[in-house]
Structure formats: structure tokens, C-alpha cells
Asks: 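Can you keep this structure in mind? I'll have questions shortly.
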Amino acid sequence: MLTRLLKNIKSFFIKSNSITKIEKKLDYYFQNKQLVEQAFTHKSINSSPRFNYERLEFLGDSVLDIVISRELMREFPDGDEGLLTQRRAALVQKPFLANAGRLLGLMNYLKIEQNIDLTINKIADKQLANIFEALIGAIYLDGGINPCKVLILNTVWEHRKE
């Protein structure tokens, strides 16, 4: 019983050298390492909303929307609501966010049950998009809007289709 509990606890936490790799890749260093662990933990590993990425994904989605909305308003100063909404929707859709997650190699850090088949592109893309949004949420809670803006501008905004 104790051995199984220790194994589950061990599998829940991302190794510290992995956290360091993520932080170097992002050029952002977390004050609260538990947030980055949570951002990469699927509910199949821990179903508690406090310990998996779903709440962070929810927050990250909102942060992403506001940063992209602000940039679109700057890029299209005379754009109407319809144009801005259409452009934002294209940039925050799951396949586009999955590409941002792929660029960062986020799948390498995902903690997920082995029975979830990540070789199926649709499932893998959904997970990549979710953890990308969760990572934004984690960074927001840890450091505020500015580091989120840097990440979003260097990934989503930089690779947008004109």
C-alpha cells in the first residue's frame, strides 16, 4: 500500500530538472513550482481540480483572449467587432494553440495515464492546446500579465497567419 502511494506521488511531480528545462525554454522562472507541475498534470493522474491543469486552462484561456484582443485592436485600429472577433477566433482555436504547444515541446512534460492514446492527432492536439492554456494560467498566477504577454506574443502572435 505504501509503495503504491509513493509511486503515485512520484509520478505526480515533474522532476526538478524537467521544470528547469521548461523554465529555460520559456525564459520564465516560476516562484511557485507547484503551478508548473499542475499545468502539466492531466486529470487522469489526479482528478482533484486543485491538482490538475483544468482550472489553469480556464484561466489561461481568458488571459490569452485579452492579450490577443489587445494586439488585434492595435493592429486593426479601424477594425469593427466582427473583424476582431473573427481574427481572435482564428488565433485561439485548438489546432493553432496545439502548434504553439508543439513549438515549445510541451508534450514532453505532460503527466497523463498511459491508456490515453496520444498517437491519435486529435487527442494529442487537444492535450497540447490544453496544456498551453494551462501554462499561460500558471504563469499569470505566478507572475502576472506581463510574462504571459511575452509568451503569447512569441508563440501565438508571432506565428499567426496573415
Asks: Any non-hydrogen side-chain atom of L151 less than 4.5 Å from a side-chain atom of L104?
Replies: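 They are in side-chain contact.
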
Asks: With side chains defined as the heavy atoms from C-beta onward, is the minimum distance between I136 and L56 less than 4.5 Å?
Replies: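 Contact flag for I136/L56 side chains = no.
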
Asks: If we ignore hydrogens and angles and just use 3.5 Å, is the side chain of Y53 paired with the main-chain N or O of E37 as donor and acceptor?
Replies: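 Between the backbone of E37 and the side chain of Y53 there is no qualifying donor-acceptor contact (under 3.5 Å).
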
Asks: Hey, does L97 have a side-chain heavy atom less than 4.5 Å from the side chain of L91?
Replies: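 Contact flag for L91/L97 side chains = no.
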
Asks: Side chains of T155 and L103, heavy atoms from C-beta outward: is any pair under 4.5 Å?
Replies: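 Not touching, per the 4.5 Å side-chain cut-off.
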
Asks: Check whether any side-chain N or O of D125 sits under 3.5 Å from a backbone N or O of K122 as a donor-acceptor pair, and report yes or no.
Replies: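 Here the side-chain-to-backbone pair does not exist.
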
Asks: To the nearest 0.5 Å, what is the distance between NZ (K149) and CH2 (W157)?
Replies: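 Going from NZ on K149 over to CH2 on W157, the span is 11.0 Å.
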
Asks: Would you mind reporting whether R50 and Q34 have side-chain heavy atoms less than 4.5 Å apart?
Replies: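 Heavy-atom side-chain distance check fails, nothing below 4.5 Å.
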
Asks: Would you call F40 and L106 a side-chain contact if the rule is heavy atoms closer than 4.5 Å?
Replies: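 Yes, their side chains come closer than 4.5 Å.
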
Asks: Kindly indicate whether the side chain of H42, heavy atoms from C-beta on, has any atom under 4.5 Å from the side chain of I116.
Replies: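 Result yes, sub-4.5 Å side-chain heavy-atom pair found.
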
Asks: Would you call R88 and E71 a salt bridge, using N to O less than 4.0 angstrom?
Replies: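 E71 and R88: not salt-bridged.
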
Asks: Enter the distance from S44:OG to N115:CG here, rounded to the nearest 0.5 Å.
Replies: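 One finds 7.0 Å between OG of S44 and CG of N115.
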
Asks: Is the backbone of N32 close enough, under 3.5 Å, to the side chain of D142 for a donor and an acceptor to pair up by distance?
Replies: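 Yes: the side chain of D142 pairs with the backbone of N32.
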
Asks: Within this structure, what is the CG-OG distance for the pair L64 and S69, rounded to the nearest 0.5 Å?
Replies: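 L64 CG to S69 OG: 9.0 Å, rounded to 0.5 Å.
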
Asks: Is there a side chain to side chain contact (heavy atoms under 4.5 Å, CB included) between F30 and E23? Walk through the geometry before answering.
Replies: CA-CA 7 Å; F30 283 85; E23 290 174 327; 3.5 Å; yes

Asks: Using a 6.0 Å cut-off, check whether atom CZ of F58 has over 12 heavy atoms from anything other than its own residue.
Replies: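 It does not: F58 CZ has 12 such atoms or fewer within range.
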
